[in-house]
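One structure is given here, and the rest of the page talks about it.
When a ligand or atom number is given, it counts from 1 through the structure's own listing order.
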Amino acid sequence: MSHNTFGHLFRVTTFGESHGPALGCVVDGCPPLIPLVETDIQAFLDKRRPGQSRFTTQRREPDAVKILSGVFVEERTGRQVTTGTPIALMIENVDQRSKDYSDIKDKYRPGHADFTYDLKYGIRDYRGGGRSSARETAARVAAGAVARRVIPEVSIRGALVQMGPHRIDRTNWDWAEVDNNPFFCPDAKAAAFFADYLDGIRKDGSSIGAVIEIVAEGVPPGWGAPVYGKLDAELAAALMSVNAVKGVEIGAGFAAAELFGKANADEIRFGNDGKPLFLSNNAGGILGGISTGQPVVARFAVKPTSSILQPRATIDRHGHETEIETKGRHDPCVGIRAVPVGEAMVACVLADAFLRHRGQIGEGRAWPFPI
Ligand SMILES: Cc1cc2nc3c(=O)[nH]c(=O)nc-3n(C[C@H](O)[C@H](O)[C@H](O)COP(=O)(O)O)c2cc1C
């Protein structure tokens, strides 16, 4: 039994291992006539691609995506659009150098899925973690790019808001800064601090965790399906399924436990445009599992990279205690590269929620209701 598919109407199935010939995904349920070319997808893969700064792994993967199916050139406009049939996306693995894996072939790397995969399946692809490798997240990012085309009116942006114990100063938040530093950090001052901080961690052969925030703006009220398809529940499941994610919050999240009722419940007025306006957004744009029309805000915690240069205690598959040390370069903070992955998962969940909302409710209704 295996689970490589998520979503209901917008369904994503990913396939492939880190050291196989290729990995990718099949997106089933994407509506027809949506303009889609490879460069739409490539732009997002380039954000996740390794080797772009000294703070991410130096594995050289171009991560070039190929659309294998599900698109056709529309005669009337000359544009390539989706046909409504399955969209298969493929990314070749080109940097899977034949290395010496003898040290990790039988030993379980602490913090990795080696132990659990071996116990469960009795066989595992030890080359780079195989299916458990976060290389799989490239396929999620590709699917997320398609999802964004399904809901073009929604803007989905992610940012690194904490590294180790160091939080950004939210009063410095500037989305334009996210593309100006190697951390996807919206606070320029914090980004400058993170550079020195992470250099020190990298030189020690260690690693550190991070918190990522994803903000989706332009989500209309109504998306999300109570009670088992609540938008917050689906976002949490999708983000939690990303490698190394150990916690997810929506809106105020765990901090809500420290608030009094009046401070937490977002009061409502009308804005200048005559539309309902929440005076705060502790709910993260979701009430009762349904979007309110406010920005949808999700945050997730990424654990520190497990493959570090420091030797650690472990056991092998034959029942011996031993030690293990990861050689070569490593990502000192995988939370950085998790930013585009988190955005992609939110995009897929929202595209799916939109299609289901349209399926059940259609165009919706005029509001406010007459007396
Ligand atoms: C984008 C991304 C890149 C990652 N790269 C690495 C890596 O280079 N080294 C590592 O030890 N873990 C890396 N991880 C985390 C592991 O894939 C993950 O910890 C491991 O598969 C065990 O799964 P779990 O942490 O979800 O339990 C990465 C995670 C993400 C999201």
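- Closest non-hydrogen pair, D316 versus H318, comes out as OD1-N, 2.9 Å.
- Taking distance alone, with nitrogen or oxygen atoms compared against 3.5 Å, R337 stays at or beyond that limit from ligand 1.
- Residue S132 places a heavy atom less than 4.0 Å from ligand 1.
- Between E213 and R170, some side-chain heavy-atom pair lies under the 4.5 Å cut-off.
- Taking the ring centroids of H166 and Y197, they lie under the 6.0 Å cut-off.
- Between K303 and ligand 1, at least one N/O pair is under 3.5 Å apart.
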Intermediate values then yes/no, salt bridge (charged side-chain N to carboxylate O under 4.0 Å, His left out), R317 and D118: CA-CA 8 Å; R317 69 189 316 246; D118 216 14; 2.7 Å; yes
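- Of all the listed residues (D331, V242, T137), D331 holds the heavy atom that lies closest to atom 8 (O) of ligand 1.
- The only option from F115, Y117, Y126 that meets the ring pair (Phe, Tyr, Trp, His ring centres under 6.0 Å) definition with Y108 turns out to be F115.
- In terms of polar-atom proximity, N243 is counted as a contact of ligand 1, with an N or O under 3.5 Å from an N or O of the ligand.
- For residues 234-286, no pair satisfies ring-ring contact (aromatic ring centres under 6.0 Å, His included), with sequence neighbours left out.
- At least one N or O atom of S306 sits closer than 3.5 Å to an N or O atom of ligand 1.
- In the candidate list G335, A134, G111, G111 is nearest to atom 22 (C) of ligand 1, counting heavy atoms.
- Not one N or O of K246 is nearer than 3.5 Å to an N or O of ligand 1, by distance alone.
- Distances between N or O atoms of V245 and those of ligand 1 include no value under 3.5 Å.
- Applying the 4.0 Å criterion to heavy atoms of T305 picks out, from ligand 1, the atoms 7 (C), 9 (N), 10 (C), 11 (O), 12 (N).
- Remark: R299 CZ to E249 CD distance equals 5.0 Å, nearest 0.5 Å.
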